[in-house]
Trainee: 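There's a structure below that I have some questions on.
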Amino acid sequence: QLLSLILNYEGTLSGLWRLFHGKPTLDTVIALSGLVSLAYCGVAAFLPHWNMGLPYVCVNVITGFFALVSKRQRYESVRRGYKALTMGTAPSGVKIYSDGKVQNLATKTQSGVDVDPKVLSNPDFTERYSGFFAPLAIVLAVALAMSSTVLKGETPHFLWSLSAILSMATPMCLLLSSSAGGKRLGKKLYTSGSMLVNAQAAGRLAKSRWAVLKDADLYPAGSVKITGMKIAENQDPELVVG
């Protein structure tokens with residue numbers, strides 16, 4: 001359990017730092033789960049009559065592994081975004097336009113598309129959701145552990161019960177729900193010279209129901225070359241070209 005907390009030091013330190021500042025996230029729940037399990041291991045080793053069963057080390061190790069994978073995937077997506085910003089000389093941006101008649105119209109433009117690098121690291125949907133989920137999970141875990149042990153006069157069972165509840169409080173699928181998709185999508189867009197600024201921009205783009213197509217979108221520069229033209233019917237050349 002101690003080695004898992006050390007190997008996942010990014011998540012452990014991040015979780016404790018956010019707990020200290022009163023803004024717990026999923027990293028906080030995972031770090032607390034590991035520390036409570038580690039405390040139970042120490043207590044059970046020195047106080048045998050407090051030993052209620054095997055600790056939940058295996059579950060915590062697997063959860064910490066998925067948390068570390070999620071964090072690395074998110075870092076990789078941000079790194080690609082930084083590279084895309086430095087490689088573009090004349091970038092085009094997709095903006096969402098809305099007025100009284102048309103709502104959520106996506107249009108491509110080159111005006112005002114400078115991106116602040118700081119917005120690339122804005123929290124994704126999972127991180128934003130964890131800001132509400134983590135405090136509730138911690139409070140409920142402590143309340144359930146106390147109601148099932150301390151209030152029933154079974155205080156020696158508290159650490160074991162709390163470690164069991166906390167180890168199950170972080171859904172492993174939730175850890176990868178945004179980072180895995182973001183990594184795959186970011187890689188696919190990067191190979192075609194595109195990028196998503198952040199999850200908020202992706203959410204706004206997903207709401208668009210209309211898109212403006214221009215000549216350059218259908219026929220990019222250099223893709224079509226006219227070497228000759230024959231008019232089969234009696235039509236003006238200007239009409240045919242139009």
Side-chain angles (χ1 to χ4, degrees), residues 1-21 23-35 37 56-88 91 93-94 96 113 115-138 166-208:
Q1 181 67 78
L2 179 61
L3 286 176
S4 69
L5 291 172
I6 295 175
L7 292 175
N8 187 24
Y9 68 92
E10 298 176 7
T12 303
L13 295 179
S14 173
L16 296 179
W17 184 86
R18 292 181 182 277
L19 178 64
F20 178 76
H21 286 80
K23 298 179 180 179
T25 60
L26 291 178
D27 287 339
T28 307
V29 180
I30 297 172
L32 285 179
S33 176
L35 291 175
S37 177
Y56 291 85
V57 175
C58 183
V59 179
N60 293 325
V61 170
I62 296 175
T63 306
F65 168 76
F66 279 108
L68 187 59
V69 170
S70 172
K71 195 174 292 291
R72 295 301 173 89
Q73 288 177 341
R74 192 171 292 112
Y75 288 162
E76 188 173 347
S77 300
V78 174
R79 179 177 62 87
R80 284 200 183 96
Y82 287 144
K83 291 180 64 176
L85 283 183
T86 58
M87 293 172 62
V94 176
I96 307 301
V113 296
V115 178
D116 185 1
K118 292 182 180 180
V119 303
L120 294 178
S121 58
N122 283 358
D124 57 21
F125 294 115
T126 300
E127 291 177 318
R128 293 168 58 190
Y129 173 76
S130 67
F132 302 96
F133 173 81
L136 184 62
I138 295 173
L166 280 176
S167 64
M168 304 297 175
T170 305
M172 297 179 188
C173 59
L174 181 61
L175 295 171
L176 303 177
S177 59
S178 296
S179 61
K183 176 190 174 182
R184 289 194 300 267
L185 180 60
K187 184 178 181 180
K188 184 176 182 180
L189 292 176
Y190 180 77
T191 55
S192 63
S194 306
M195 62 170 287
L196 279 173
V197 176
N198 49 37
Q200 289 76 19
R204 291 194 297 268
L205 187 61
K207 296 179 181 179
S208 62

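Starting from 1, each residue takes its place in the sequence as its number.
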Trainee: Side chain of S178, backbone of T126: donor and acceptor closer than 3.5 Å?
Mentor: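 Confirmed, S178 side chain pairs with T126 backbone.
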Trainee: Once rounded to the nearest 0.5 Å, what's the spacing between atom CZ of R184 and atom NZ of K188?
Mentor: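 Going from CZ on R184 over to NZ on K188, the span is 11.0 Å.
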Trainee: Side chains of S130 and T25 only: does a donor on one sit below 3.5 Å from an acceptor on the other?
Mentor: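 No.
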Trainee: Do the side chain of Q73 and the main chain of K183 share a donor and acceptor less than 3.5 angstrom apart?
Mentor: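 Answer holds: no.
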Trainee: For R74, which of S121, P123, S179 qualifies under side-chain contact (heavy atoms from CB on, under 4.5 Å)?
Mentor: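 Among S121, P123, S179, the one that satisfies the side-chain contact (heavy atoms from CB on, under 4.5 Å) with R74 is S179.
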Trainee: Just verifying a value: how many Å separate N198 CG and F125 CZ, rounded to the nearest 0.5 Å?
Mentor: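 If I round to the nearest 0.5 Å, the distance is 9.0 Å.
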Trainee: Can you find a side-chain donor-acceptor pair between N60 and S33 that sits under 3.5 Å?
Mentor: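 Distance-only check passes for N60 and S33.
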Trainee: Is R80 close to Y75 at the side-chain level, that is, under 4.5 Å between some pair of heavy atoms?
Mentor: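 Not touching, per the 4.5 Å side-chain cut-off.
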Trainee: Any side-chain heavy atom of T28 sitting closer than 4.5 Å to one from L16?
Mentor: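 No; the side chains remain at least 4.5 Å from each other.
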Trainee: Counting only N and O atoms by type, is there a donor-acceptor contact under 3.5 Å from the side chain of E127 to the main-chain atoms of D124?
Mentor: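 Side chain of E127 to backbone of D124: a pair is present.
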Trainee: Roughly how far apart are L7 CG and F65 CZ, rounded to 0.5 Å?
Mentor: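 Interatomic distance, L7 CG to F65 CZ, rounded to 0.5 Å: 11.5 Å.
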Trainee: Which distance, rounded to the nearest 0.5 Å, do you find between the OG of S37 and the CG of L5?
Mentor: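 The CG atom of L5 is 8.5 Å from OG of S37, to the nearest 0.5 Å.
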Trainee: In the structure I gave you, are the side-chain heavy atoms of D27 and K71 within less than 4.5 Å of one another anywhere?
Mentor: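 In contact.
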Trainee: Would you call E76-R72 a salt bridge at under 4.0 Å N-O?
Mentor: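 The answer is no: the pair does not qualify as a salt bridge.
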Trainee: List in chain and number order the residues that pass side-chain contact (heavy atoms from CB on, under 4.5 Å) with Y129, two or more places apart in sequence or in another chain; answer none if no residue qualifies.
Mentor: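 For Y129, the residues satisfying side-chain contact (heavy atoms from CB on, under 4.5 Å) (neighbours in sequence not counted) are F133, L174.
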Trainee: Shortest non-hydrogen contact from A169 to P171?
Mentor: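 Here A169 and P171 meet closest at O-CD, 3.3 Å.
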Trainee: Whether the side chain of S208 engages the backbone of R204 through a donor-acceptor N/O pair (distance < 3.5 Å, no angle test) should be reported.
Mentor: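 The answer is no, because no donor-acceptor pair under 3.5 Å joins these two groups.
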Trainee: Check whether any side-chain heavy atom of M195 sits under 4.5 Å from a side-chain heavy atom of Y82, and report yes or no.
Mentor: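 Not in contact.
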Trainee: Do V119 and Q200 have side-chain heavy atoms sitting under 4.5 Å apart?
Mentor: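 With C-beta onward as the side chain, the pair stays apart.
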Trainee: Distance only, no hydrogens: is a donor on one side chain within 3.5 Å (strictly under) of an acceptor on the other, for S4 and Q1?
Mentor: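 Short answer, yes.
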Trainee: State, yes or no, whether a side-chain contact exists between L120 and L85 at a heavy-atom distance under 4.5 Å.
Mentor: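 Yes, at least one pair of side-chain atoms sits under 4.5 Å.
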Trainee: Can you see which heavy atom on L196 is nearest to which on A202, and at what distance?
Mentor: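 The answer is CD1-CB, 3.9 Å.
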Trainee: Between L175 and I30, is there a side-chain heavy-atom distance shorter than 4.5 Å?
Mentor: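 Counting from C-beta outward, I30 and L175 do come under 4.5 Å.
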Trainee: About how many Å separate CZ of R18 and CG of L13, when rounded to the nearest 0.5 Å?
Mentor: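 L13 CG to R18 CZ: 12.0 Å, rounded to 0.5 Å.
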Trainee: For a 4.5 angstrom cut-off between non-hydrogen side-chain atoms, does I138 reach V29?
Mentor: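 Touching, per the 4.5 Å side-chain cut-off.
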Trainee: Ignoring hydrogens and angles, state whether a donor on the side chain of T170 or T63 is under 3.5 Å from an acceptor on the partner side chain.
Mentor: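 Per modelled atom types, T170 and T63 side chains form no pair under 3.5 Å.
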